[in-house]
Amino acid sequence: ETTYATILVEQRDRVGVITLNRPKALNALNTEVMHDVVAAAQAFDVDPSVGAIVITGSDRAFAAGADIKEMSEKGYSDMLSEQFFVGWDALAALRTPTIAAVNGYALGGGCELAMMCDLMIAGDSAVFGQPEINLGVIPGIGGSQRLTRAIGKAKAMDMMLTGRQMKADEADRLGLVSRLVPADRTLEVALDVAAEIASKSFVASSLAKEAVNRSFESGLLEGIRVERGLFYSTFATDDQTEGMAAFVEKRKPNFTHR
Ligand code: CO8
């Protein structure tokens with residue numbers, strides 16, 4: 001079992017849980033956090049006993065953004081030569097469904113990290129924002145793209161150009177979050193949703209995730225073509241045969257995730 005300096009990692013049945021753990025910095029996402037989160041998530045991703053991954057923070061902060069102290073010393077050529085934060089892209093490339101459980105601040109890179117996950121369970125204490133504009137920068141791990149696709153241009157421009165914070169109820173209304181829950185139940189609900197997802201056929205859930213993401217990442221026609229190919233490919237799996245047979249025979253399916 002690997003241990004990490006900036007995160008806590010555990011497995012609960014078929015659910016992998018990653019907890020950001022830099023309380024003194026409100027879970028600011030420095031390079032070390034990136035390496036830890038990505039390593040833990042990739043280890044879960046190749047583990048057949050894991051069917052869903054939950055990423056969470058503390059009651060006060062999911063994450064208050066990229067680590068401003070780390071970034072403040074850097075110049076343009078440092079960013080380019082280090083390919084700063086490019087590692088985060090690996091998180092969006094996981095096959096395993098990911099669920100962000102968000103309480104408190106999800107600002108800047110924290111909001112971007114939450115949006116990188118497939119589902120977002122938000123407590124009513126959650127506060128979202130892209131305050132980079134106040135630091136003279138802009139989002140850097142997909143926030144401008146994912147926020148715009150999630151809540152539309154009008155709201156995304158408002159958030160990104162003013163840096164204003166958006167409370168959980170507005171974020172829920174706009175479709176940024178999957179489920180809004182009382183803050184003291186956020187992790188519990190996220191774990192329940194994760195367990196439910198992990199109980200399904202992993203081949204089907206990872207293909208479903210890929211199909212939705214393709215819609216998010218491309219035009220409708222290309223997305224539909226990709227979906228059709230992925231749909232056909234489910235008919236090469238044991239779980240499709242078993243799932244449909246179980247329905248016809250009026251019994252519960254026994255998926256082998258193959
Ligand atoms: N980076 C580094 N340290 C931070 C950060 C951060 N983003 N956020 C909070 N901290 C630290 C504070 O410096 C403070 O440390 P110390 O006690 O040593 O001074 C400690 O956490 C507690 O914070 P506060 O005292 O400020 O707590 P408050 O309750 O008064 O305020 C806020 C909470 C409103 C969240 C406030 O801390 C804040 O505004 N933080 C910065 C939010 C922000 O601007 N985030 C965007 C950062 S830029 C960014 O994310 C760019 C994304 C591009 C790539 C993303 C890759 C992941």
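Below, each value reflects all heavy atoms present in this structure, side chains not excepted, and no hydrogens, waters or symmetry copies. All ligand and atom numbering here is 1-based and tracks the order in the structure.
- Atoms of ligand 1 found under 4.0 Å from any heavy atom of Pro131 (numbered from 1 in listed order, with element): 43 (C), 44 (O), 45 (N), 46 (C).
- In this structure, Lys74 does not pair ionically with Glu70, as no charged nitrogen and carboxylate oxygen lie closer than 4.0 Å.
- Listed by atom number, the atoms of ligand 1 under 4.0 Å from Gly140 heavy atoms are 53 (C), 54 (C).
- At the shortest separation from atom 54 (C) of ligand 1 among protein heavy atoms lies Phe85 CD1, 3.6 Å.
- In this structure, atom 21 (O) of ligand 1 is in close contact with the protein, since a protein heavy atom lies within 4.0 Å of it.
- Among Gly65, Gly108, Ala64, the residue whose heavy atom sits closest to atom 43 (C) of ligand 1 is Ala64.
- If you take CG on Leu119 and CD1 on Ile99, they are separated by 5.5 Å, rounding to the nearest 0.5 Å.
- Within a 4.0 Å radius of atom 26 (O) of ligand 1, the protein has no heavy atom.
- When the shell of 6.0 Å around CD of Glu73 is examined, it contains 12 or fewer heavy atoms from other residues, nucleotides or ligands.
- Distances between N or O atoms of Ile68 and those of ligand 1 include at least one value under 3.5 Å.
- Ranking protein heavy atoms by distance to atom 38 (C) of ligand 1, first place goes to Leu107 CD1, 4.8 Å.
- Per-residue contacts place Leu29 under 4.0 angstrom from the following atoms of ligand 1 (heavy atoms of the residue considered): 57 (C).
- With hydrogens and angles disregarded, a donor-acceptor distance shorter than 3.5 Å links the side chain of Arg95 to the backbone of Asp45.
- In terms of polar-atom proximity, defined here as any N/O pair under 3.5 Å, Trp88 makes no such contact with ligand 1.
- With respect to the salt-bridge test (charged N to carboxylate O, under 4.0 angstrom), the residues Glu217 and Arg146 do not qualify.
- Close approach of ligand 1 to Lys24 (heavy-atom distance below 4.0 Å) involves ligand atoms 15 (O), 20 (C), 21 (O).
- Of the listed options Glu112, Met34, Arg60, Lys69, Lys69 places a heavy atom closest to atom 12 (C) of ligand 1.
- Closer than 4.0 Å to atom 17 (O) of ligand 1 lies none of the heavy atoms of the protein.
- Judged purely by atom type and a 3.5 angstrom limit, Glu10 has no side-chain atom pairing as donor or acceptor with the backbone of Val17.
- Ranking the protein heavy atoms by distance from atom 7 (N) of ligand 1 puts Ala66 O, 2.9 Å first.
- The closest approach between any non-hydrogen atom of Glu70 and ligand 1 is not below 4.0 Å.
- The distance from ligand 1 to the heavy atoms of Ala28 drops below 4.0 Å at these ligand atoms: 1 (N), 2 (C), 6 (C).
- Under the 4.0 Å distance rule, the nearest protein heavy atom to atom 36 (C) of ligand 1 falls outside the cut-off.
- Pairs passing the salt bridge (charged side-chain N to carboxylate O under 4.0 Å, His left out) check and including a residue from residues 153-168, sequence neighbours excluded, read Lys155-Glu170, Asp158-Arg164, Arg164-Glu170.
- Within a 4.0 Å radius of atom 50 (O) of ligand 1, the protein has at least one heavy atom.
- Using a 4.0 Å heavy-atom cutoff, Leu135 is listed among the residues neighbouring ligand 1.
- Using a cut-off of 4.0 Å between Lys/Arg side-chain N and Asp/Glu carboxylate O, Arg22 and Glu32 are scored as not salt-bridged.
- Closest to atom 4 (C) of ligand 1, if we only count protein heavy atoms, is Ala25 O, 3.8 Å.
- Closest protein heavy atom to atom 23 (O) of ligand 1: Leu26 CD1, 3.6 Å.
- Note on Ile133: it does not cluster hydrophobically with Ile141, by side-chain heavy-atom contacts below 4.5 Å among ILVMFWY residues.
- With respect to Arg225 and Glu227, no salt bridge is recorded, no charged nitrogen being found less than 4.0 Å from a carboxylate O.
- Each ring-ring contact (aromatic ring centres under 6.0 Å, His included) pair with one or both residues in residues 234-258, not counting sequence neighbours, appears once here: Phe231-Phe235.
- Atom CG of Asp238 sits about 9.5 Å away from atom OG of Ser201, to the nearest 0.5 Å.
- Put simply, the side chain of Glu188 does not reach to within 4.5 Å of the side chain of Leu191, judged on heavy atoms.
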